[in-house]
Amino acid sequence: MNGKTTTFEWRVDHFDLDQIAESGQAFRWEWRGPENYAIPAGDRFCVAYMPEPDKLAVRCPENWATFWRYYFGLGDAYPEYWAAIDTWARRDGPAAYLSKAAATASGMAILHQPAWETMVSFMISQNNNIPRIKASLAAMCRRFGKQITTPTGEQYYTFPLADTLTDAADLSGLGLGYRDKYISGMAHAVATGILPVRTLEAMDYTRAKAVLKAVPGIGEKVANCILLYGMGHLEAFPVDTWIRRVLDREFSDGFPMERYSGFAGLVQQLIFYYERRK
DNA sequence: GTCCAGGCCCTCA
DNA sequence: TGAGGGCATGGA
């Protein structure tokens, strides 16, 4: 029903699976080797790897090519973004903080993850650390997702639908702590249509952020993560404890946001990756 | 034991 | 509008 499994190959530039995997935007990628991952997203799955530095290979059902191409942002305006970033890096010089971040994270990309999965993932992320976020989401998918075996024998769990997460009592044992009530509340709102995800996805950045921030458990930072990683708003600039430290330390006179108008979220991602790698 | 993690909510001034 | 405490949990 999903068609035959095929391996698609796409030519890529400024694209590195390992860097993306270590950038804290997706929590369910499973490492299989260098530049090689099993990747579930929503109810889908692929194996992605890089046979050459400028080639991305994706093994999935043949009618999912469009989904995964979009997921990896392959149709986005990265040539334009990187041209701007590189221009500023030359102007600033190699010792400038942003120049070093861009050089270190030169294969970074912002994924287009399913909106609902992103909403839950980043609600869990608040005041939490990445290993625990991953563990909670894995446990949640095992308990409430559907186990799928692909025609090639790969097994994965789908991301749970909203109507399976509406009872906070069911969520115990997932390591969610106080966040369980936030999750079940949001799941109830989505499942009953009070919070229509599709409508949210169609809104512009400002309006969508206002709606998201009205959800208990979603503040400025989590809203920006959802907008950036799950709703395609590359202008979103999430400020967490890591980014806060960099802004205070390196940009006490203000961050030059206007340079990166429309794709500041990508620059934020370069900083996050670079800072954590140091 | 204390501190921290891709923060948010509530209270109080 | 902003500062400060509380919040579940587990690893360092």
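From a predicted model like this one, the values you see are computed outputs, not experimental measurements. By convention in this document, chain letters (A, B, ...) are assigned in the order of the sequence lines, proteins followed by strands, and residues within each chain are numbered from 1.
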Within the structure shown, what part of the strands sits under 4.0 Å from Tyr229(A) by heavy-atom distance: base, sugar-phosphate, or nothing?
base
Residue Arg245(A), side-chain heavy atoms: nucleotide from dG6(B), dA5(B), dA8(C) that is nearest:
dA5(B)
Taking 4.0 Å as the cut-off, does a side-chain nitrogen or oxygen of Thr241(A) come that near to OP1 or OP2 on dG7(B)?
yes
Checking all strands, does Pro131(A) fall into the base, sugar-phosphate, or nothing category for heavy-atom contacts under 4.0 angstrom?
nothing
Quick one: is Arg276(A) getting a side-chain N or O under 4.0 Å of the dG6(B) phosphate, OP1 or OP2?
yes
Do Tyr182(A) side-chain and dG7(B) base share a donor-acceptor contact under 3.5 Å?
no
Roughly how many Å is it from CD in Glu220(A) to C1' in dC8(B), rounded to a whole number?
12 Å
May I ask you to say what Gly217(A) touches in the nucleic acid, namely base, sugar-phosphate or nothing, with a heavy-atom cut-off under 4.0 Å?
sugar-phosphate
Distance criterion of 3.5 Å, no angle test: do you see the side chain of Glu275(A) paired donor-to-acceptor with the base of dG6(B)?
no
Would you check if there is a donor-acceptor pair between the side chains of Gln269(A) and Ser23(A) at a distance under 3.5 Å?
yes
Verify same cluster id: Tyr81(A), Met257(A) (apolar side-chain graph, 4.5 Å):
yes
Phosphate oxygens OP1/OP2 of dC4(B): is one of them under 4.0 Å from a side-chain N or O of Arg244(A)?
no
Does Ile243(A) reach a base, just sugar-phosphate, or nothing at all? Heavy atoms under 4.0 Å.
base
Check: Gln268(A)/Tyr273(A) side-chain N/O donor and acceptor closer than 3.5 Å
no
Answer yes or no as to whether dG6(B) has its base stacked against Phe272(A), where stacking requires a ring-centre separation under 5.5 angstrom and planes under 30 degrees apart.
yes
For the ring pair Tyr71(A) and Trp68(A), is the centre-to-centre distance below 6.0 Å?
yes
Base, sugar-phosphate, or nothing for Ser136(A), non-hydrogen atoms under 4.0 angstrom?
nothing
